[in-house]
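Here is the structure we will look at, set down as structure tokens.
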2 protein chains.
Amino acid sequence: MTEQARKRDAVATRQAFLDAAAKLFAERGFDRTTVRDIAKLAGVNQALLFRYFGSKEALFEEVIARSGREQLATTPPERLFSTSLRSMLEPGGRRNRALETYLRSSGSDGAAAAIRQEVGREYAGVLATLTDAPDAELRADLALAWLMGIALVREVTGKEPLAGADPDDICRLVLTAIKTLLERSE
Amino acid sequence: MTEQARKRDAVATRQAFLDAAAKLFAERGFDRTTVRDIAKLAGVNQALLFRYFGSKEALFEEVIARSGREQLATTPPERLFSTSLRSMLEPGGRRNRALETYLRSSGSDGAAAAIRQEVGREYAGVLATLTDAPDAELRADLALAWLMGIALVREVTGKEPLAGADPDDICRLVLTAIKTLLERSE
DNA sequence: CCAGGTTGTAAGCAGCTGCTTACAACGCTA
DNA sequence: TAGCGTTGTAAGCAGCTGCTTACAACCTGG
């Protein structure tokens, strides 16, 4: 009985747009995702996208801002790096798409770029608290950059052996190397 | 007198296409570069692009295959990582755009994806010779991924402080950390 | 029960995209 | 110099893009 039951439900429609857009932006990037694709996946008329969000770019901003801060808010700093790395490496399921969306969005200018930078800054800000080195923020950026690079090579270019490697092996190698970047002096 | 002198020169026209396309693909990525943009920058009629290369995708393949192997052929293995890192970090000039083109191309499917993977494999193959660890190729992929991530964060998202950091500082931090990944056991 | 705002739908618009076609200008070779 | 293949040009096509508009269906408050 629940099927087709929530027609004419603005909140549900909005959410359907956000969910569909999050999935497609993460998989294909901004440019290769059309508003018709989003609407179709959401099961909603595409004209409503513009009523609810104003533009494709504005919808993208909501998606990236939301997904980026979700993981950030639910993970303690000292585990942020390994948790983010893990969630990237785990296949399928309802995993967090923040990094994929972030890197797939490269090139979109305007307001979305500002949001992207802000989310990145928050990530790096948290990572920077893990070391007391004077260039803590630069080290944090480099750690973040490695995460992005691994996501890029695995998910986007699909290069072997990285793409098919055991998550445990990757974590071990990366965490060992990253330790010299992000550790307290005592 | 040399101006307007080489009209009706198929070789020069082809080269003009390749140069213009290399620049624009590296800067904007595949999707956001139009064939009209390329032709305009090359100073050539856009219909000729299809006569010489067949399609936009085929032109892209030539660009990425050429630029990727250029640096590879002129750099000794033990310096490939630091040289690539350096050339990414140095501003302006006629620097090698291989990595930018590579990462900007994310998402383009088909034959271009195969070329991308092949170039990446050649890079990683060289890096893998630097260590005698059993998982040398995975380590090489991870090193390559870090390069890509740094390029991404600096050039595409422009995040500070990484984007504006001193190349020497970045090299020092990265090379120190990467040493544990790519070093001989004795 | 009905006016008026909210939600959903269908159609279309203008601009851009990759690509094609028809044709003119050129220069080599016989 | 006449013929012919090569190079360059202008125009246009069909499809897709983000976005808008006009309108119907619905629910709610008076």
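Every chain is numbered from 1 and lettered A, B, ... according to where its sequence line falls, protein lines coming before strand lines. What you see is a predicted model; the values in this text were computed from it and never measured.
Near DNA chain D, meaning a heavy atom under 4.0 Å from it, residues 44-52 of chain B has B:Asn45, B:Gln46, B:Ala47, B:Leu48, B:Arg51, B:Tyr52 in order of number.
Going from atom CZ of B:Arg14 over to atom C1' of D:dG8 covers 17 Å, rounded to whole Å. A straight line from CZ of B:Phe60 to P of C:dT17 spans 18 Å, rounded to a whole angstrom. Across the protein-nucleic acid pair, B:Phe17 atom CZ and C:dC19 atom C1' stand 13 Å apart, rounded to whole Å. For A:Asp9 and D:dT28, the CG to P distance is 11 Å, given to the nearest whole Å. Atom CG in B:Asp31 sits about 12 Å away from atom P in D:dG18, given to the nearest Å. One can place NZ of B:Lys40 at 17 Å from C1' of D:dA10, the figure rounded to the nearest angstrom. Note: CG (A:Asp37) to P (D:dC16) measures 11 Å, nearest angstrom.
Residue pairs meeting the ring-ring contact (aromatic ring centres under 6.0 Å, His included) criterion with at least one partner in residues 131-174 of chain B, sequence neighbours excluded, are A:Trp146-B:Trp146. Contacts classified as ring-ring contact (aromatic ring centres under 6.0 Å, His included) and involving residues 148-168 of chain A (residues at least two apart or in different chains) are not found.
Distances from the side chain of A:Arg36 to the nucleotides C:dT7, C:dG12, D:dG8 place C:dG12 closest.
Evaluation of the side chain to side chain donor-acceptor pair (under 3.5 Å) rule for B:Thr34 yields B:Asp37 as partners, not counting sequence neighbours. Contacts of B:Glu137 classified as side chain to side chain donor-acceptor pair (under 3.5 Å), with partners at least two apart in sequence or in another chain: none. For the salt bridge (charged side-chain N to carboxylate O under 4.0 Å, His left out) test, no residue two or more places apart in sequence or in another chain qualifies with A:Arg51. Residues satisfying the salt bridge (charged side-chain N to carboxylate O under 4.0 Å, His left out) criterion with B:Arg154, sequence neighbours excluded, are absent altogether.
For B:Thr13 and D:dT7, the shortest distance from a side-chain N or O to OP1 or OP2 is not below 4.0 Å.
A donor-acceptor pair is defined here as one N or O able to donate and one able to accept, closer than 3.5 Å; no such pair exists between the side chain of B:Asp31 and the backbone of A:Asp31.
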Which atom pairs, donor and acceptor, lie under 3.5 Å between side-chain atoms of residues 174-181 of chain A and protein residues at least two apart or in another chain?
residue, atom, partner, partner atom, Å
A:Thr176, OG1, A:Arg172, O, 2.7
A:Thr180, OG1, A:Ala177, O, 3.0

Using the 3.5 Å cut-off, write out each protein N or O paired with an N or O of nucleotides 27-30 of chain C and the distance between them.
none

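Cation-pi geometry between B:Lys56 and B:Phe25 is not satisfied (NZ or CZ under 6.0 Å from the ring centre, within 45° of the ring normal).
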